[in-house]
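As C-alpha cells, the structure follows; a few thoughts come after it.
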Amino acid sequence: MHYKLGVIGDPIKHSLSPKIHNIFSKQTNIDIDYQAYHVLEDNLDRFLKDFFSEGGDGLNITLPHKINCLRFTNNYSSLVSLIGAANTLHKDSSGRIFAESTDGIGLVKDLKNKCPISLKNILILGAGGSALSIIPSIDACKPRNIILDNRSKNNLENAIKRFSESKEIYSRIMNLDDFNEEIDLVINATSIGFSGPFSWNRELKISNETVLYDLSYSKDDTQTPFLKWASQYSEKYFDGFGMLIQQAAASFELWTGVLPQTKITKSDLLND
C-alpha cells in the first residue's frame with residue numbers, strides 16, 4: 001500500500017512534518033510520499049479538490065487553513081464540530097473526506113510525560129484556534145479548572161461561551177478575571193513573541209512550582225520567546241516539540257492504521 005500525504009500552510013517552509021513522517025515510514029515499513037505544500041488562502045479549495053481527486057490520501061493542515069478547510073470536508077469528528085477547526089484530513093474507503101483534530105491528543109500525551117493534569121488549575125493564554133483545539137482533550141483529563149486569558153476580550157468571551165454551553169465539556173471554563181487561586185500549569189497558545197520578546201499584559205499567579213508549556217517550539221536548543229520569559233518564574237518549562245511528534249503520530253495512525261513510535265529527538269530531524 002502506498003500513501004500520498006502532505007502538509008499545507010502559509011508559510012510552510014519551516015515545517016518539520018515531512019521529516020517526521022518519513023521517520024515513521026521507515027520505522028513501520030509503510031510506503032508514503034509526504035510533501036510540504038505552500039498553499040495560499042485564495043487557492044485552498046482548488047488545491048484540496050485537486051489533491052484528493054489525484055489520489056491523495058491525507059493531509060495535515062497548519063495555519064491559516066485549520067478553519068477554512070472544513071468547507072471542503074464531507075464529514076468530521078465530534079471534536080472538530082466542537083472546536084470548529086481541524087488539523088488532519090483523511091480520505092476514507094468510500095472516498096469521503098473526513099476531518100479530525102489531533103492537536104489536543106498530541107498535547108495531552110506529551111504533557112502526561114511531564115506533569116499531572118488531573119485536579120490541576122490550568123491557564124491557557126490565547127483564545128484562537130490553537131487554544132480551542134486543546135481544550136476538549138484537557139477537559140477529558142479532569143482538571144480542577146480551565147482558565148482562559150486573552151488580549152482580545154471579545155474572542156475570550158466567545159471561547160468561554162462556546163465551551164461553557166457545550167454538553168461535551170465537563171470542566172469549569174473560567175475567565176482569569178474571575179479566578180484567584182494559584183495556577184499549576186500555564187499553556188501558551190498565542191503567537192505573541194514570534195517577532196520579538198514575549199510579555200503578558202498582567203501579572204500571573206504562578207510560582208517556581210508552576211509548569212509553563214509553549215505550544216510553539218524551536219528547532220534547536222534555543223528557547224522560544226515564551227520559554228525565555230517563563231524561565232524567570234519557574235524551573236519547569238517545555239516547548240511544544242513533544243506535542244508536534246505526538247500529534248503527527250496520531251495523524252499517521254488515522255491514515256495508515258498503524259501508530260508509530262514517538263521517541264524522536266530534535267537532532268534526529270536536524271541531522272539527516
Side-chain angles (χ1 to χ4, degrees), residues 3-25 32-73 76-77 79-80 83-91 97-107 110 126-134 155 187-195 214-220 224-226 239-255 264 266 269-270:
Y3 294 90
K4 180 182 177 181
L5 307 168
V7 58
I8 64 169
D10 176 29
I12 200 62
K13 199 163 73 170
H14 66 288
S15 177
L16 294 175
S17 293
K19 289 184 177 181
I20 294 168
H21 284 279
N22 283 325
I23 289 174
F24 291 161
S25 171
I32 69 169
D33 174 17
Y34 189 109
Q35 304 288 336
Y37 300 98
H38 183 208
V39 178
L40 301 176
E41 227 162 338
D42 290 347
N43 197 39
L44 176 63
D45 289 11
R46 167 59 60 185
F47 176 86
L48 293 175
K49 183 170 182 281
D50 290 347
F51 179 84
F52 285 106
S53 67
E54 292 167 6
D57 296 294
L59 285 171
N60 285 131
I61 313 293
T62 63
L63 297 175
H65 303 312
K66 291 188 174 189
I67 294 171
N68 286 339
C69 71
L70 297 184
R71 293 194 307 246
F72 181 78
T73 58
Y76 33 86
S77 69
L79 173 59
V80 167
I83 65 179
N87 78 332
T88 305
L89 300 183
H90 166 58
K91 183 158 74 174
I97 310 303
F98 184 82
E100 183 58 277
S101 177
T102 64
D103 284 332
I105 299 161
L107 170 65
D110 190 44
S130 295
L132 300 183
S133 69
I134 61 175
N155 286 357
I187 298 172
N188 176 38
T190 75
S191 57
I192 297 166
F194 279 15
S195 54
D214 194 356
L215 296 190
S216 300
Y217 59 90
S218 62
K219 291 187 178 180
D220 50 32
T224 65
F226 175 77
D239 74 6
F241 181 78
M243 171 186 171
L244 172 74
I245 303 299
Q246 294 288 355
Q247 64 82 22
S251 294
F252 190 88
E253 182 183 28
L254 183 68
W255 296 324
I264 295 176
K266 290 182 181 179
L269 301 180
L270 298 176

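How far OG of Ser130 is from CG of Leu107: 11.0 Å, rounded to the nearest 0.5 Å. To the nearest 0.5 angstrom, Asn188 atom CG is 7.5 Å from Thr224 atom OG1. From Phe226, atom CZ reaches atom OG of Ser216 across 10.0 Å, with rounding to the nearest 0.5 Å.
Side chain of Asp33 to main chain of Lys4: no donor-acceptor pair is present (N/O by atom type, distance under 3.5 Å, no hydrogens or angles). When atom types are taken as modelled, the side chain of His65 and the backbone of Val39 share a donor-acceptor pair closer than 3.5 angstrom. Asn22 places a side-chain N or O within donor-acceptor distance of the main-chain N or O of Pro18, the cut-off being under 3.5 Å. Side-chain atoms of Lys66 do not come within 3.5 Å of backbone N or O of Ala85 as any donor-acceptor pair.
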Walk me through it: do Ile264 and Phe24 pass the test side chain to side chain contact (heavy atoms under 4.5 Å, CB included)?
-> CA-CA 10 Å; Ile264 295 176; Phe24 291 161; 3.5 Å; yes

Show your reasoning for whether side chain to side chain contact (heavy atoms under 4.5 Å, CB included) applies to Leu59 and Leu48.
-> CA-CA 9 Å; Leu59 285 171; Leu48 293 175; 3.5 Å; yes

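The environment of Asp220 atom CG is dense: over 12 non-hydrogen atoms of other residues, nucleotides or ligands sit within 6.0 angstrom. The environment of NZ in Lys219 is crowded: more than 12 heavy-atom neighbours from other residues, nucleotides or ligands sit within 6.0 Å.
Ser101 pairs in a side-chain contact (heavy atoms from CB on, under 4.5 Å) with only one of the listed residues (Leu79, Ile61, Leu132, Ile134), which is Leu79.
Considering all non-hydrogen atoms of both residues, Thr73 and Ala99 come closest at CG2-CB, 3.7 Å. Of all heavy-atom pairs spanning Ala36 and Ile12, the tightest one is CB-CG1, 4.0 Å. The heavy-atom pair separating Trp255 from His90 by the smallest distance is CD1-ND1, 3.6 Å. Between Arg71 and Asp45, the shortest heavy-atom distance links the atoms NH2-OD1, 2.9 Å. When all heavy atoms of Ser15 and Val7 are compared, the closest pair comes out as OG-CG1, 3.9 Å. Heavy-atom minimum distance, Leu44 versus Cys69: CD2-N, 3.9 Å.
Ring geometry for Phe47 against Phe51 counts as parallel: the plane angle stays under 30°, on a 0 to 90° scale with 60° as the upper cut.
At least one side-chain heavy atom of Leu89 sits less than 4.5 Å from a side-chain heavy atom of Phe52.
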Give every donor-acceptor pair under 3.5 Å between a side-chain atom in residues 239-254 and any protein atom, sequence neighbours left out.
from   : atom 1 : to     : atom 2 : distance (Å)
Asp239 : OD1    : Phe241 : N      : 3.1
Asp239 : OD2    : Ser218 : N      : 3.4
Asp239 : OD2    : Lys266 : NZ     : 2.7
Gln246 : NE2    : Thr262 : OG1    : 3.3
Gln247 : OE1    : Asn87  : ND2    : 3.2
Gln247 : OE1    : Thr102 : OG1    : 3.4
Gln247 : NE2    : Leu244 : O      : 3.2
Ser251 : OG     : Asn60  : ND2    : 3.0
Ser251 : OG     : Thr88  : OG1    : 2.8
Ser251 : OG     : Thr102 : OG1    : 3.4
Ser251 : OG     : Gln247 : O      : 3.2

